[in-house]
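As the structure is a computational prediction, the values presented were derived from the model and not from experiment. Start at 1 and go down the list; that is how both ligands and their atoms are numbered.
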Amino acid sequence: MVPINNSIIRKIYRKIKEYNKIVIARHVGPDPDAIASEIALRDSIKLTFPNKECVAIGLGVSKFKYYGILDKIEPDKFKNSLLIVLDVPNLQRVDGIDNLKYKEILKIDHHPAEDIKGNVDWTDETSCSTCQMVADLILHSPLKLDTIIAGNLYLGIVSDSDRFLLPYTTSKTFKIVEELINKSKINFPTLYNYLYDRSLNEVRFQGYLASNMEVTENGLGYLIIPQEKLKEYNVDLATPSNLINNFNFIREVLVWTFISEDPKNKIYKVSIRSHGPIINTIASKYNGGGHKYASGAKITNKEDINNFIKDLDNACEEYKRATISNLK
Ligand code: AMP
């Protein structure tokens, strides 16, 4: 067997080898990184160990069906299994594990650590995506890779790094991508057709967001999106989050947020992005969290919307003041 040089990768590979029943899960409201990482890891484990029962669970999203099909399980059949948690640091946001009596947790994630402490735990905030970490694991262990697995991992990396634009993109990202390409035959144009396919409604909705975003003097861009607007443009609640990265690099905007009314769950679903100030500490005040510059939250009462906007605006003001005084 090829020796595994990295100690965490060795521990993860051994743990996977040890179990015959493995359940892979990720966060609720999945994005391409979450879905692609769980399906790629499942498919690689099955390819390497055809006798293991390995499933990737969570609610499916029709928009992401090109990554592969998720598994429906009877939790009793996976008693004492290994639970692999990907792309999520808090147990409450893991999708689909309510009745699962797993034996151990193995965590692989690029979010700041929260309450999940894996028996084997690989948390790397410097990674641009969970797919980058799963690709690292597969490329540098005896786990097998094929073109479909490589394509999924590539799309997760491209999507979560916003096409290598975001600051979490490092030389390691490019090294992993180079290895993925060298070891498989990824067909880029076809993959991009999947990732960037969108409806005219969505493009028109992006126009609505751009035309209606308020921008404060301190550089906070914000928009409260009523449920009727989502209906009018025939888009879903995930759409503002899917579009929020397109509002990067606007000269007048330092931090930007979309606050979408979600009457079904009696909350406001919030996405936040930043070009400077750290925002996950503010998100965590409003039932949220995430990365330093890309976070989400759930506002449960309307009165808190103003407080939330004020908190973000103050963060912009402080950041601008600190930046100016550093220049003096
Ligand atoms: P989004 O704006 O939905 O793309 O989310 C940006 C980042 O914040 C992702 O890493 C999410 O996993 C994280 N996130 C979103 N909503 C929440 C939440 N309610 N609690 C904790 N983290 C969240």
Give the ring-plane orientation class for Phe64 versus Tyr66, where under 30° counts as parallel, over 60° as perpendicular and anything between as tilted.
perpendicular

Is the closest N or O pair between His111 and ligand 1 shorter than 3.5 Å?
yes

When distances are taken from atom 4 (O) of ligand 1, the protein heavy atom at minimum range is Arg273 NH2, 3.0 Å

Among all protein non-hydrogen atoms, which one is nearest to atom 7 (C) of ligand 1, and what is the separation to 0.1 Å?
Ala294 O, 3.4 Å

Please work out which of the three classes, parallel, tilted or perpendicular, describes the rings of His111 and His291, given edges at 30° and 60°.
parallel

Proximal ligand 1 atoms for Gly290, defined as those under 4.0 Å from one of its heavy atoms
8 (O), 13 (C), 22 (N)

Give the contacting part of Asn287 toward ligand 1: side chain, backbone, both or neither, where contact means a heavy-atom distance below 4.0 Å.
backbone

Side-chain atoms of residues 42-49: list all donor-acceptor pairs with protein atoms under 3.5 Å, sequence neighbours left out, distances to 0.1 Å.
| residue | atom | partner | partner atom | Å |
| --- | --- | --- | --- | --- |
| Arg42 | NH1 | Ile69 | O | 2.7 |
| Arg42 | NH1 | Asp71 | OD2 | 2.9 |
| Arg42 | NH2 | Ile69 | O | 3.2 |
| Ser44 | OG | Lys144 | O | 2.7 |
| Thr48 | OG1 | Ser44 | O | 2.6 |
| Thr48 | OG1 | Lys144 | N | 2.9 |

Just need the protein heavy atom nearest to atom 21 (C) of ligand 1, so name the residue and atom and give the distance.
Gly289 N, 3.2 Å

Give the residue and atom name of whichever protein heavy atom lies nearest to atom 18 (C) of ligand 1, and the separation in Å to one decimal.
Arg93 NE, 3.4 Å

Could you list which atoms of ligand 1 come closer than 4.0 Å to a heavy atom of His291?
10 (O)

Over 60° means perpendicular and under 30° means parallel, so tell me whether Phe258 and Phe247 are parallel, tilted or perpendicular.
perpendicular

Can Glu317 and Lys320 be counted as an ion pair, charged N to O under 4.0 angstrom?
no

Heteroatom distance test (Gly296, ligand 1): nitrogen or oxygen, under 3.5 angstrom
yes

Are Glu318 and Arg321 close enough for a salt bridge, meaning some N to O gap below 4.0 Å?
no

Who pairs with His275 by ring-ring contact (aromatic ring centres under 6.0 Å, His included), at least two apart in sequence or on another chain?
Phe249

Please could you name the atoms of ligand 1 that Gly288 approaches to less than 4.0 Å, counting only its heavy atoms?
18 (C), 19 (N), 20 (N), 21 (C)

Report yes or no: do Asp87 and Thr130 form a side-chain donor-acceptor pair below 3.5 Å?
yes

Taking heavy atoms and a distance under 4.0 Å, where does Ser271 meet ligand 1: side chain, backbone, both or neither?
both

